[in-house]
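We name chains A, B, ... by the order of the sequence lines, and we start the count at 1 in each one. None of these values were measured; they are calculated from a predicted model.
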Amino acid sequence: EAGVTQFPSHSVIEKGQTVTLRCDPISGHDNLYWYRRVMGKEIKFLLHFVKESKQDESGMPNNRFLAERTGGTYSTLKVQPAELEDSGVYFCASSQGSGTGSYEQYFGPGTRLTVT
Amino acid sequence: RKEVEQDPGPFNVPEGATVAFNCTYSNSASQSFFWYRQDCRKEPKLLMSVYSSGNEDGRFTAQLNRASQYISLLIRDSKLSDSATYLCVVNIRGSGAGSYQLTFGKGTKLSVIP
């Protein structure tokens, strides 16, 4: 069974440009999450989809970040315009359920974003 | 105060040693607890869930003390392949109905030396 995949693995863009990250969850997983690790900090939650609906977007840093999951399959995270502080590793995770919070979340390999 | 705090590390131990990691969390409403392992430049992977009764998986033993809001991980007979960063992770209820989000510690780096 294929795991969570993310594209691209690495992106280098200039400040003010736009970048779109993609995540393909494990097939059949309704729950999809985005996390981010900024250098020197812990991994932080950004948002949670259940199918195509945003269940919780309390971790999104500001309105320069837009996440979508049309059709409830893959998800995209767009940063527009990118700022220097957006550099970091963006992880996507998926799980079968979310109920009591005990469902395992499987992580993708991450997209390393560098804004110069 | 950080939501999940871990030993700063790094821990450098010889093969065969026993090593213990500690973690505290601040949100008393936390629902579930995990240790994840992250190899250099890789994604986090679930090592084990942590239960109040304590649980063991081979050389790994995890313990949870809800009253003290404290989580531990013990690795016995360390192997070279155990070298990684160990992340203490707590699952808390999110702002959306039925939503949960993982809250991570910064991680403790373990190097097992031949």
B:Phe21-B:Leu87 co-clustered via ILVMFWY side chain contacts under 4.5 Å: no
Any residue of residues 43-78 of chain A which, by heavy atoms, sits under 4.5 Å from chain B: A:Ile43, A:Phe45, A:His48, A:Gln55, A:Asp56, A:Ser58
Exceeds 12 heavy-atom contacts within 6.0 angstrom, atom CZ of A:Phe7: no
Interface residues of residues 81-96 of chain A facing chain B - non-hydrogen atoms under 4.5 Å apart: A:Phe91
Residues of residues 103-114 of chain B contacting chain A, heavy-atom criterion under 4.5 Å, by residue number: B:Phe104, B:Gly105, B:Lys106
Part of A:Tyr106 lying under 4.5 Å from any heavy atom of chain B: neither
Residues 108-116 of chain A: residues contacting chain B (heavy atom under 4.5 Å, by number): A:Gly108, A:Pro109, A:Arg112
Shared hydrophobic cluster for B:Val13 and B:Leu47 (ILVMFWY, side-chain gaps under 4.5 Å): yes
Non-hydrogen atoms of B:Tyr100 and A:Gln105 that approach each other most closely: O-NE2, 4.5 Å
Separation of A:Tyr33 OH from B:Leu102 CG (nearest 0.5 Å): 7.5 Å
Heavy-atom neighbours of B:Tyr51 OH exceed 12 at 6.0 Å: no
For chain A, the option from B:Gln38, B:Lys42, B:Glu43 that forms the most heavy-atom pairs under 4.5 Å: B:Glu43
